[in-house]
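Below is one structure, written out as structure tokens; the observations come after it.
Positions are given from 1 along the sequence.
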Amino acid sequence: MAIGERINFFRRRCNMTMNALGQLLGFDAKGADVRIAQYENNSRKPKADLTKAMADVFGVAPEALAVPDIDSYNGLMHTLFTIEDMYGITVDRIDDVVCLHLDKTVSKPGSSLWTYLEDWYSMKNKLGHGRITREEYDEWRYNFPHSGTSEQTAVPPSQQLSDALVEAMDKSDLS
């Protein structure tokens, strides 16, 4: 999918006209819709700073706009072949279902890709079990990795554990 289609997708998702988007990006009101139309029909490609500004307006990561061009099955297949070569994601069959899986000899458990895919699986699982809404899932996807669950965060111990540790330290002779 070309960037123009992604711009159109997110603009419509935000219920925004081409003119409104163009004006938010600083284009003159008279030609704002024409300029956005040029981006959406791929006759012009926005530069990185404009892509970032559009992403900010849409509330998504810039990477959500700049996806590979996979408009045909042939293009998609060659993208998948490249992903296999670079990252070890390959095709398999499990219980008569064709699926993709990560080859552990190429992308080891604990690697960034492994962690990202685990995060994706976790979020998809939450969606499937009704623990998050489709909107929350889309918010996570369209802002990945900035909203990623793979960011390491410290979890404080429970008050009970904290009290037990303090008590144990008080009893020990560490001085």
Side-chain angles (χ1 to χ4, degrees), residues 1-16 18 20-22 24-26 36 39-42 44-92 94 97-158:
M1 179 177 288
I3 191 167
E5 292 173 72
R6 296 299 282 175
I7 294 168
N8 179 277
F9 172 82
F10 285 111
R11 179 180 60 76
R12 289 178 183 275
R13 184 173 179 259
C14 293
N15 295 314
M16 192 178 295
M18 284 190 264
L21 173 60
L24 283 172
L25 296 170
I36 299 303
Y39 294 127
E40 289 190 7
N41 69 26
N42 294 304
R44 292 184 74 150
K45 183 177 180 189
K47 293 183 178 169
D49 60 333
L50 184 58
T51 300
K52 168 89 172 79
M54 283 185 201
D56 289 344
V57 167
F58 298 143
V60 301
E63 296 87 351
L65 293 175
V67 295
D69 190 1
I70 53 173
D71 289 337
S72 70
Y73 290 125
N74 288 343
L76 174 61
M77 288 304 297
H78 282 280
T79 300
L80 291 171
F81 297 150
T82 302
I83 291 169
E84 178 181 33
D85 292 341
M86 293 178 67
Y87 302 107
I89 295 177
T90 190
V91 68
D92 204 347
I94 300 173
V97 175
V98 176
C99 59
L100 298 176
H101 83 272
L102 189 58
D103 181 347
K104 289 191 244 183
T105 64
V106 178
S107 289
K108 308 249 183 272
S111 68
S112 293
L113 180 58
W114 188 279
T115 302
Y116 284 170
L117 291 175
E118 287 284 345
D119 290 348
W120 184 15
Y121 175 79
S122 173
M123 294 302 285
K124 188 70 175 187
N125 192 33
K126 287 178 183 178
L127 175 65
H129 287 90
R131 295 197 315 261
I132 61 172
T133 65
R134 180 64 192 204
E135 291 77 23
E136 290 170 317
Y137 178 70
D138 286 345
E139 179 74 18
W140 176 83
R141 290 189 315 147
Y142 299 142
N143 286 288
F144 187 86
H146 309 292
S147 65
T149 54
S150 61
E151 294 178 24
Q152 298 293 327
T153 56
V155 178
S158 68

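Cation-pi check for Arg134 over Tyr137 is not met; the charged atom does not lie both under 6.0 angstrom from the ring centroid and within 45 degrees of its normal.
By the 4.5 Å heavy-atom criterion applied to side chains, Thr90 and Val106 are not counted as neighbours. Between Phe10 and Met54, every side-chain heavy-atom pair lies at or beyond the 4.5 Å cut-off. Side chains of His101 and Ile94 form no contact here, defined as non-hydrogen atoms less than 4.5 Å apart. Within the 4.5 Å cutoff, side-chain heavy atoms of Ile36 are placed close to those of Leu25.
Shown here for Trp114 and Lys108, the closest heavy-atom pair between the two residues is CB-O, 3.6 Å. For the pair Asn143 and Ala61, the tightest heavy-atom approach, listed with the atom from each and the gap, is OD1-N, 3.5 Å. Across all their heavy atoms, Val98 and Val91 have their closest contact at CG1-CG2, 3.6 Å. The two residues Ile89 and Leu100 make their nearest non-hydrogen contact at CG2-CB, 4.0 Å. For Gly110 against Thr115, the heavy-atom pair with the smallest separation is O-OG1, 3.8 Å. Closest approach of Lys104 and Pro109 over heavy atoms only: CD-CG, 4.0 Å.
Remark: side-chain polar atoms of Asn42 are paired, donor with acceptor, to backbone N or O of Gly4 under 3.5 angstrom. A donor-acceptor pair under 3.5 Å links the side-chain atoms of Thr79 to the main chain of Gly75, judged by distance alone.
Rounded to the nearest 0.5 angstrom, Glu84 CD and Asp103 CG are separated by 8.5 Å. In this structure, CD on Glu5 lies 11.0 Å from CG on Asn41, to the nearest 0.5 angstrom. With rounding to the nearest 0.5 Å, the separation of CD1 in Ile7 from CG in Leu50 is 7.5 Å. If you take CH2 on Trp140 and CD1 on Ile132, they are separated by 8.5 Å, rounding to the nearest 0.5 Å. Note that the CZ atom of Arg6 and the OH atom of Tyr142 stand 6.0 Å from one another [nearest 0.5 Å]. The line from OH of Tyr87 to OG1 of Thr82 is 10.0 Å long, rounded to the nearest 0.5 Å.
In this structure, Phe81 and His78 have perpendicular ring planes: the angle between them is above 60°, well past the 30° mark.
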**Report entry** Asp119/Met123 under side chain to side chain contact (heavy atoms under 4.5 Å, CB included): CA gap, chis, key distance, verdict
**Finding:** CA-CA 6 Å; Asp119 290 348; Met123 294 302 285; 5.5 Å; no
Query raised in the report: Can Met77 and Leu80 be said to form a side chain to side chain contact (heavy atoms under 4.5 Å, CB included), step by step?
Result: CA-CA 5 Å; Met77 288 304 297; Leu80 291 171; 4.2 Å; yes
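Ion pairing between Lys52 and Asp49 fails under the 4.0 Å rule for side-chain N and carboxylate O. Ion pair Lys126/Glu136 not flagged as a salt bridge, since none of the NZ, NE, NH1 or NH2 atoms sits closer than 4.0 Å to an Asp/Glu carboxylate oxygen.
Between Ser72 and Asn74, the side chains place no donor N or O within less than 3.5 Å of an acceptor N or O (distance only, hydrogens not considered).
Not less than 6.0 angstrom separates the ring centroid of Trp120 from the ring centroid of Tyr116.
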